[in-house]
Each structure stands twice: as structure tokens, then as C-alpha cells.
Amino acid sequence: MTESQNVRVRFAPSPTGPMHIGGLRTAIFNWLFARHHKGAFILRIEDTDQSRYKPEAEDLIYRALDWVGMDVDESPRDGGDYGPYRQSERLERYQQWATWLVENDKAYYDYTTSEELEQINEAKKKRGEPPGYDRRHRDITTEERAKLKAEGRPEVIRFKMPLTGNTEVEDMLRGKIDFDNSTLGDTVLLKSDGFPTYHLANVVDDHFMEISHILRANEWIASAPLHKQVYAAFGWQMPQIMHLPVLLNPNGKGKMSKRELQDDKGNVIPVLVHRYEELGYLPNAMMNFLTNIGWTFGEDQEVFSVEEAIERFDGTRVNPANSAFPIDKLRWFNGIYMREKTSVEELIEQFKPLLEKEGLPVDDEKLRIIVPAIQTRIETLNEFLDIAGFVFREDFEPAAAEEHIQKKMDAESTRRALQLAYDALQDMEFNAEAMEEPMRQLAKDNGLKVGQLFGTLRVATSAQKIAPPLFDTFVALGKDETLRRIEQSIAIMGAELPENAENQP
RNA sequence: GCCCCCAUCGUCUAGCGGUCCAGGACGCCGCCCUUUCAAGGCGGAAACACGGGUUCGAGUCCCGUUGGGGGCACCA
């Protein structure tokens, strides 16, 4: 493509429900392409199917784009010089151009009912022929047409696909793709309810919105020859076109489903964009991750900023092959962004709503102590509560006795170790660095392994097998609460001993 | 059934005829560090789907097979 060309691309979802992760990926590629070429990124709402229309969907589309930080130049919300940007508000245009095609012998009225269409397909199937409309009204006379119309049949406009020859589509990634016209049908352009189908609306809008490049999912390849022929029928220039690879299920079987899945490790694999947000994935991690599938930054580098991606995304390094959704890599990316690309202060702000939602006290002091300690330990925002929730929980539930007992220890030695720590901690300053040495010494002096003493203390104070570093935990809990929890565990261990343990020889 | 697209480690990918006994990343395994778990460091196993061509030479080009994906709607 030439740099002087005015690049205008569009993301054109249909508002039929929550935004799908695959749609977001397509949007990102369009957006990166627009930003790289200093062009315009347009959002067009393709609401031409009244039966599938969901009013809340449009907001979810904005929300998804906003979330990952994609700014939109023209849309129903943002306005623009080429509006309206909702197809339902452009109906006259489609009707007008569909009629123009009929008048110019490029399309025709068809009166076949859906029942008749079904019969046609059934009959064709029996004969082993490919399904599809049999063009019965393609060449009828005006009288026949008038008669059919008078019967009150539904009226649609179908495109007159050339019967012979071939149509060559130039795909930016694949080069020329050749279709034999005899394998193509006469597709409906204008439905009987007066709404256009995608094929008409898409061509008319892309033309009048002066779209220069179409980047769409590769499931559209099969209808590309139709679109090319429609452009030709209108005498319009077709935008350059690139069919993007699609996301497949993590196991590589089938297109990314609409239903939430789980991987073999039990991680949920959402398919809706807002679910990723809810589960604590970071938008910039998501952006980085999605940009990496089917596109290569170069120099074996996979972690990069949006700015860097824009700098390099010229649309030439897109891999045409579909790819399985690498959920593990997303978790890794999110971890990278959690610990390397997000400051402690930013994380604290992100965790606050999670605490509120759980009804836990939002304690800034505790957050400042515990967040740096857990930053390398969690991969998503939401895991914060799993690992550090115990610090904030006032209704702390101590662990069972046997959980406390470390390697080569028993209830009695565990109780003693806890008591030792309890006593030592009494007059110790609660400072993570300052506490560690004396506590190590304490273990040594009493013939305990550091792991034995620290291990049981961790269980006593956190009731978790996996917890943040011990002394950060102590400081975050505060002296009183730490001692209280240890005391509680001492009691638990004491109760575990036989009634007359002390009198045993 | 017909048409179209795609094909490198388990996965995401680099590779655009010789510098590839195929490079990076995730995941996995091992070691180090270490109170646990992570993070981090070091190391390891792991791929050109198959068969024909073309060429002095093929992961790279062509054809076929196989496999995967999509389409053949008054859905997009």
C-alpha cells in the first residue's frame, strides 16, 4: 500500500450479545493498523438482524474497546462525518442502492417462500447437489413477477451472480484467491423486511464511509467473491482486503466456543471480554497477549507496549493460519504485567474494590505491606484474595492441629515451638527485616530447623499452605493480631495432647 | 456432497532455497536460591504431517494425500 493513501478501517460488530474475545482481537488488529498508518479507526454497528438484536450489546462493545484502551475516531457514540454509524439508521440508502442494482439488471426480485426454499434444498440434497436457491425467479417476465407479487409473497432482492467465468479476490495475506462463478449462488441483498443483508450493507457502507482496508475474520473469505462482484456491479472500487486468522479452542478443535471453558489445570477460559475483566486480567496484558497471536513483533520479543506495537504493525507480518487459544500464555503475560508493568500503588488501587466486594476492611497500611510481598505470587488480580485475604479477615479461622505439625515434629514439639516464638515475639519490634535474624537464632538455639519453626508459624498466622513471606505477614497483621493467632494455635495444639500428657513418663 | 483457506516442538511462533543436525516464548522436567509458594538464575526433553516432484541444494517452490478451519441462510 502507498503511504500517501488515506487509511480508514472499521470494526463492524453486530450487537447480538456481549463482546467475544475473537471480536476484540479483530478490533485490535484494525486499530493497530489504523494507528500505524495514521489513519482512522471507525466503529460501525451492524444491527441489520432484528431478531438477534440486543440493546445492551452496543454498550458492551464500547466497554470492551475502552477497557483495552482503543480510542475510536468515528462511531455512533463519537460521531463523525460519515454517519450515521448504525446500519439500522441507513436503511433508505441500502434500499435505494438495491433498487439501483435491479434497475441496472445486476439484481432481481425473488418471491420464493422459506418453505419453498426448504423444499429446494431437500430435493438438491437427495440428488447429491450442493444446497442453495435455484434461481427460479432470476429471469421471469414482468407479468410473472406481477403475478407472484400479487399473491402476497415476500419480496427479496437477490444479486445476479455471473453464471460463468471466475472471480479473483486479492487477499493481502494470501495473494490471489480464485473462485469459479458457477459454484456461487444468487445471494439475498435486501430482505423482505426491508433490511439489507450483511453483503449489501457492508459494501454500501464501506464505499460511502471511504474505507480503504478491510481487516476481517477469515470466515468471510467465502463471501469475498460476492462482495467483489457487488462492487463491480456498482462500479465502485473495492477496498484492499485482509482476512485475519481466527481463534480456535485451546485444544485446537473448532472455533473458539461461545461457552466458557476450563483447561486441564482447572483454569477457567472465558470467551467474553467482560469476563476477563471480572476475573482480574489486566487490559494491557490482554492487549499484548492478543497482539501476539497471529502477529510477530520481531526479534524474538513478545513483551512490548502498545506504542511499540503501533510502531511496527503495518499488517505485513500477520500469519494467515488459525491458532488455538493459548490460555497459559495469557496467564503468564498477566503475571508479567502484574509484577513488572504495574506499580505497587496501582495494584493497591486495583485490590481495594475486591476487598470491598468481599466485605473486608480496606486497610491502606496493610495493603502497602502485603502487596509488594505478594506481587510475584499471583497471576491475576482476583488471586489477591486467595493468597492475602487472611490478612484482612477479622473472622480468621485457625487451621486444624495437624496442619501445624511440620516435618519430624509432633503436637507437643509444635506447641513448644509456637510458645517459644510467642514469648520471643512479645518484646520484639515488628519490622520484617529486623525480626528475621533473631527468629532464625531462636530456632537454632532450640534445636529446631528454620523451616520447622517458620512453617508452623506460617500455618498459625495464615492457616494457608501457601502464603506471603512470614515476616511481611506478621507486620501486616500487626503485633496484637499476630500474637493472638499464635496463642490460638498454641491452645489448639495443647488440646491435641493426651489429657495426662504432662504426667506421662 | 461441492467450494475456499491453512499446516514448524503439547501450545503461540521465527524461518521468506544454502548461514537450520531448525531459533524464541508459554507450558513441562531438573538444578540453584529459599520458612512455604512464587519470582529470578541456569540447564533439559520437545517440531519441519506424509508422499511425489523442481533444484547442485527444500522447512522454505509445485502437485497430491492426510489433517484442521471456514463457507454453501431473508445470521453476521
Side-chain angles (χ1 to χ4, degrees), chain A residues 12-14 16 46-49 51-52 110 112-114 117 121 124-125 127-133 154-158 169 171 173-174 177-180 182-185 187-193 195-199 201-202 216-225 243 245-246 248 250-255 265 289 292-296 298-303 317 319-333 335 339-340 374-379 387 406 436 439-440 443 449-459 462 464-471:
Chain A
S14 58
T16 54
E46 308 222 325
D47 55 346
T48 57
D49 185 350
S51 63
R52 294 200 307 153
D110 170 50
T112 314
T113 63
S114 49
L117 247 15
N121 277 335
K124 284 199 170 192
K125 202 177 167 187
R127 279 176 278 148
E129 288 171 25
Y133 173 64
E155 179 185 75
V156 302
I157 292 180
R158 283 186 186 267
V169 175
D171 181 276
L173 302 178
R174 289 160 255 258
I177 305 175
D178 200 51
F179 296 84
D180 191 332
S182 64
T183 65
L184 274 18
T187 309
V188 170
L189 259 24
L190 196 72
K191 306 184 235 181
S192 57
D193 63 1
F195 276 66
T197 59
Y198 170 85
H199 308 291
N202 169 258
R216 58 165 31 159
N218 67 18
E219 59 209 41
W220 290 107
I221 290 179
S223 45
H243 289 96
V246 300
L248 268 25
N251 61 10
K253 298 280 179 194
K255 237 173 68 171
K265 291 173 192 149
F289 164 72
N292 248 302
I293 308 175
W295 182 72
T296 305
E299 280 103 66
D300 289 333
Q301 189 183 334
E302 297 192 7
V303 178
R317 293 177 71 85
N319 176 172
N322 293 162
S323 49
F325 189 73
I327 185 72
D328 275 341
K329 209 150 187 175
L330 169 60
R331 296 188 60 78
W332 174 75
F333 265 114
R339 55 188 183 263
E340 291 175 20
I374 53 96
Q375 202 173 5
T376 62
R377 275 159 246 266
I378 58 177
E379 281 182 317
I387 187 165
Q406 302 295 303
E436 183 159 349
M439 291 301 283
R440 280 177 182 280
K449 295 256 195 224
V450 175
Q452 292 177 317
L453 179 64
F454 289 15
T456 193
L457 283 170
R458 187 184 60 256
V459 174
S462 73
Q464 292 175 185
K465 280 207 166 66
I466 302 167
L470 190 61
F471 300 105

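Please read all numbers here as calculations on a predicted model, not as lab measurements. Just so we're on the same page: letters track the sequence lines, and every chain starts at 1.
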I'd like to compare against my own output: the B/S/- annotation of nucleotides 37-47 of chain B with a strict under-4.0 Å heavy-atom distance to protein.
BBSS-------
Per-nucleotide protein contact string for nucleotides 69-76 of chain B, where B marks a base within reach and S marks sugar-phosphate only (heavy atoms under 4.0 Å, - for neither):
SSSBSBBB
Using nucleotides 31-33 of chain B, report all nitrogen or oxygen pairs with the protein that are shorter than 3.5 Å.
none

Would you kindly say whether A:Arg174 and A:His243 are connected by a side-chain donor-acceptor distance under 3.5 Å?
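Their side chains do not contain a donor-acceptor pair, so the 3.5 Å distance test is not met.
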Testing the 3.5 Å rule here: is there a donor-acceptor pair between the side chains of A:Asp49 and A:Tyr198?
no
Side-chain donor/acceptor of [X] to backbone N/O of [Y], under 3.5 Å:
X: A:Asn292; Y: A:Glu302; answer: yes
X: A:Lys191; Y: A:Thr48; answer: yes
X: A:Ser14; Y: A:Thr16; answer: no
X: A:Thr197; Y: A:Leu190; answer: no

About how many Å separate CH2 of A:Trp220 and CG of A:Asp171, when rounded to the nearest 0.5 Å?
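Interatomic distance, A:Asp171 CG to A:Trp220 CH2, rounded to 0.5 Å: 15.0 Å.
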Rounded distance in Å between the [atom1] positions of [N] and [M]:
N: B:G64; M: B:C5; atom1: P; answer: 11 Å
N: B:U13; M: B:A7; atom1: C1'; answer: 13 Å
N: B:G23; M: B:C48; atom1: C1'; answer: 13 Å
N: B:G15; M: B:C33; atom1: P; answer: 40 Å

Applying a 4.0 Å non-hydrogen cut-off, can you work out what [X] is touching in the nucleic acid: base, sugar-phosphate, or nothing?
X: A:Ile177; result: sugar-phosphate
X: A:Phe325; result: nothing
X: A:Asn319; result: sugar-phosphate

Pair A:Asn202-A:Arg216, side-chain contact (heavy atoms from CB on, under 4.5 Å): steps then yes or no:
CA-CA 12 Å; A:Asn202 169 258; A:Arg216 58 165 31 159; 3.8 Å; yes
By side chain to side chain donor-acceptor pair (under 3.5 Å), which residues pair with [X], not counting sequence neighbours?
X: A:Lys124; result: none
X: A:Asn322; result: none
X: A:Arg458; result: none

With a 4.0 Å cutoff (strictly under), does any side-chain N or O of [X] reach OP1 or OP2 of [N]?
X: A:Asn251; N: B:G68; value: no
X: A:Arg331; N: B:A25; value: no
X: A:Ser323; N: B:U11; value: no

Is a donor-acceptor contact shorter than 3.5 angstrom present between the side chain of A:Glu302 and the base of B:G24?
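Yes, the side chain and the base share a sub-3.5 Å donor-acceptor pair.
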Identify the nucleotide, in any strand shown, that forms a Watson-Crick or G-U wobble pair with [N], with both distances under 3.5 Å; if there is none, say none.
N: B:C21; answer: none
N: B:C2; answer: B:G71
N: B:C26; answer: B:G10

With side chains defined as the heavy atoms from C-beta onward, is the minimum distance between A:Lys255 and A:Val246 less than 4.5 Å?
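Answer yes - side chains close enough.
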